[in-house]
Amino acid sequence: MTEFSLTWLLLLPALGFAVGWLASRLDLRQVKREERDSPRAYYKGLNLLLNEQQDKAIDAFIEAVQNDPDTTELHFALGNLFRRRGEFERSVRVHQHLLSRADLSTADRDRAQHALAQDYAKAGLFDRAEAAYRVLEGTAFSTEARRALLDLYERSREWPQAREVAAKLESAGAGSYAARMAHHLCEQAHELMHGLGPHAPSPSESGAALPHTGEQQALELLTQAQATAPMAARPVVMKGQWQARRGLWSDALRTWSALLRLPQAPLALVAEDIVQVVAAQEAAGQHEGSGALRDQALALLHQAYEAESSLVVLQAINALAPQGAAQSLTQHLARQPSLSAAAAVLKLPAEQWQAQGLGPVQQALERSARPLQRYRCAACGFEAQRYFWQCPGCLSWDSYPPQRIEEL
Ligand SMILES: [Zn+2]
């Protein structure tokens, strides 16, 4: 089935141009004698394609191109056929040949340039692809070229260039790229903060204390990211982390509190950072006011847990206030019978959870085991509660192993 449709995918463009070309040719009342050879080469190529002999078909079409070098459509079709088959050297040659022709219309020239850029990108020659896409700026292909450039720059982690292209796409009305641009800025800031990337400071400089300029630049990038995408979590997360690294613990907590106003209140992403901020302050020996920071952290975590009852947040709360751990965990388990919560409860000293009984733990185990108590078809993956001799999904006989998923 897949082989069949794949072949047709390859065949269709070739068929299309062959039929179209033939139709246009047959329209001509006076077929010149010297051109008689090319239709014959076409029929031959078409016949070979229909017989799934693609290699021979391509040879026949190449022969047709040589006999009739003016046919741009045939060149495009051949070039695309080569690219789809992974023969990039040949597709590049076809498209370069098109571009070298003086009689090519502007529209066809842009089209050939776009095809050539796609050849390079598919072949993994990113520098050449970049140059080829850049030429398309201002043509009918400029939006497509910019989208491709954005992917190329993200793939090669060239964040300033990626952001520049994304900004052009956004201002051209090609969609919203704000969230993506914020990520570009954050990636750049991340490289500065961790001494990575092309403009990283030398290892001797990038020890515990960052060079001042890189550090400031990272903060500016994060602020810019926040302004670019105010609903994005990452700039807020990273800005707080930047402050925590500099010992601005209280500021970091205040920054992270902004996460509560974002969709899904993603404070769980920094729950461990919050515990570390409190530990870092205590390790730094700033005992005066240390209780205040712990209270600030706990208040923030409690607010987050109310907004979105995440086990990660609860465990951060318990790390900062262990005295309430047993009660809050068993309550959490009763509400959300998850395996992780059950495991956390079982980790407590036995006398702390035995009072609640094993009920909630048992419930969590049963709920989590249910998806594993199914049979799964080895042929198509269809899962069912009961055993089938014939799979209802793919109709195979005896395709279910006699063991349930858990026992496989
Ligand atoms: Zn099946």
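Both counts, for ligands and for their atoms, begin at 1 and track the order of listing.
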Will you find, in the side chains of Tyr153 and Glu130, an N or O donor that is under 3.5 Å from an N or O acceptor?
yes

In the protein, how many N/O/S atoms are under 2.8 Å from the Zn ion (ligand 1)?
4

Mind jotting down which residue pairs meet the ring pair (Phe, Tyr, Trp, His ring centres under 6.0 Å) criterion with at least one end in residues 293-325? Sequence neighbours excluded, please.
Tyr305-His332

Carboxylate-amine/guanidinium proximity below 4.0 Å for Arg234 and Glu187:
yes

About how many Å separate CG of Leu365 and CZ of Arg370, when rounded to the nearest 0.5 Å?
11.5 Å

Is the terminal nitrogen or CZ of Arg111 (NZ for Lys, CZ for Arg) located under 6.0 angstrom from the six-membered ring centre of Phe76 and within 45° of that ring's axis?
yes

Any cation-pi pair here, Arg386 with Phe388, using under 6.0 Å and within 45°?
yes

